[in-house]
Student: 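The following block contains the structure, expressed as structure tokens.
Along the sequence shown, residues are numbered consecutively beginning with 1. As a basis for the values below, the full set of heavy atoms in this structure was taken, side chains included, without hydrogen atoms, waters or symmetry mates. Indexing begins at 1, ligand by ligand and atom by atom, following the structure's order.
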Amino acid sequence: MRIVIASDHAGLQLKKEVAEGLAALGHAVEDLGTHDNASVDYPDFASEVARRVAGGGAEIGVLVCGTGIGMSIVANKHRGVRAALCTTEFEARMARAHNDANVLCMGERVVGPGLGRAIAEAFVGTQFEGGRHERRVKKIADVESER
Ligand code: RB5
């Protein structure tokens with residue numbers, strides 16, 4: 001799968017862990033930054049990833065900041081993006097299976113490196129179930145077109 005990943009300074013270490021884990025599974029992982037500990041603004045990185053996913057340049061996006069909250073707020077402002085803030089593998093599987101989420105958000109100050117990797121692997125490894133969920137996801141797009 002083509003995956004784009006990004007973080008701010010507060011999510012840098014977890015992002016590296018997750019990128020390594022997903023690449024080791026054979027995914028094409030592109031890191032859009034940030035690349036060092038200098039303080040940056042999470043909306044810039046959330047929007048980079050959201051634009052790539054919404055534009056079809058990647059199937060899945062992963063965003064990490066301190067809590068994951070700022071990243072998820074910004075990513076969900078982008079049309080076509082369904083970003084899910086996950087703290088458990090169960091949430092990650094459900095976000096894909098029921099909500100067809102295409103961006104995973106996590107907080108480095110919330111989940112440890114082992115759990116973060118497991119959440120990302122569960123997210124990427126789960127397919128959308130379709131069926132009754134298709135209609136509901138379509139209604140999300142309908143809300144976007146009200147704007
Ligand atoms: C940075 O200090 C922090 O505010 C940011 O990483 C994130 O947690 C925002 O939602």
Student: For atom 9 (C) of ligand 1, what's the nearest protein heavy atom and its distance?
Tutor: Tyr42 CE2, 3.5 Å

Student: Out of the candidates Arg136, Arg82, Arg135, Lys138, only one should pair with Asp100 under the salt bridge (Lys or Arg N to Asp or Glu O under 4.0 Å) rule; please name it.
Tutor: Arg82

Student: Which residue and atom name correspond to the protein heavy atom nearest atom 10 (O) of ligand 1, and how close is it?
Tutor: Gly70 N, 2.9 Å

Student: Which heavy atom of the protein is the closest neighbour of atom 3 (C) of ligand 1, given with residue, atom name and distance?
Tutor: Arg109 NH1, 3.9 Å

Student: How close does the nearest protein non-hydrogen atom get to atom 7 (C) of ligand 1, and which residue and atom is it?
Tutor: Cys65 SG, 3.3 Å

Student: I'd like to know if Val103 and Met94 are part of one continuous hydrophobic network [Ile/Leu/Val/Met/Phe/Trp/Tyr, side-chain heavy atoms within less than 4.5 Å].
Tutor: no

Student: I need the nearest protein heavy-atom contact for atom 6 (O) of ligand 1: residue, atom name and distance, please.
Tutor: Asp8 OD2, 2.6 Å

Student: Counting distance only, does the side-chain N/O of Glu108 pair as donor-acceptor with the main-chain N or O of Gln13 below 3.5 Å?
Tutor: yes

Student: Test your reading of the model: is there a side-chain donor-acceptor pair from Glu59 to the backbone of Arg2, 3.5 Å cut-off?
Tutor: yes

Student: Give, for atom CG of Asn99 and atom CD of Glu91, the distance between the pair rounded to the nearest 0.5 Å.
Tutor: 11.0 Å

Student: Using heavy atoms and a threshold below 4.0 Å, how should the contact between Ala10 and ligand 1 be classified: side chain, backbone, both, or neither?
Tutor: side chain

Student: What residue and atom, counting heavy atoms only, is the protein's closest point to atom 8 (O) of ligand 1, and at what distance?
Tutor: Thr67 N, 3.0 Å

Student: Taking all non-hydrogen atoms of both residues into account, name the closest pair between Met1 and Val124 and its distance.
Tutor: CE-O, 3.8 Å

Student: Mark up the atoms of ligand 1 that fall under 4.0 Å of a heavy atom belonging to Gly66, in ascending order.
Tutor: 5 (C), 6 (O), 7 (C), 8 (O)

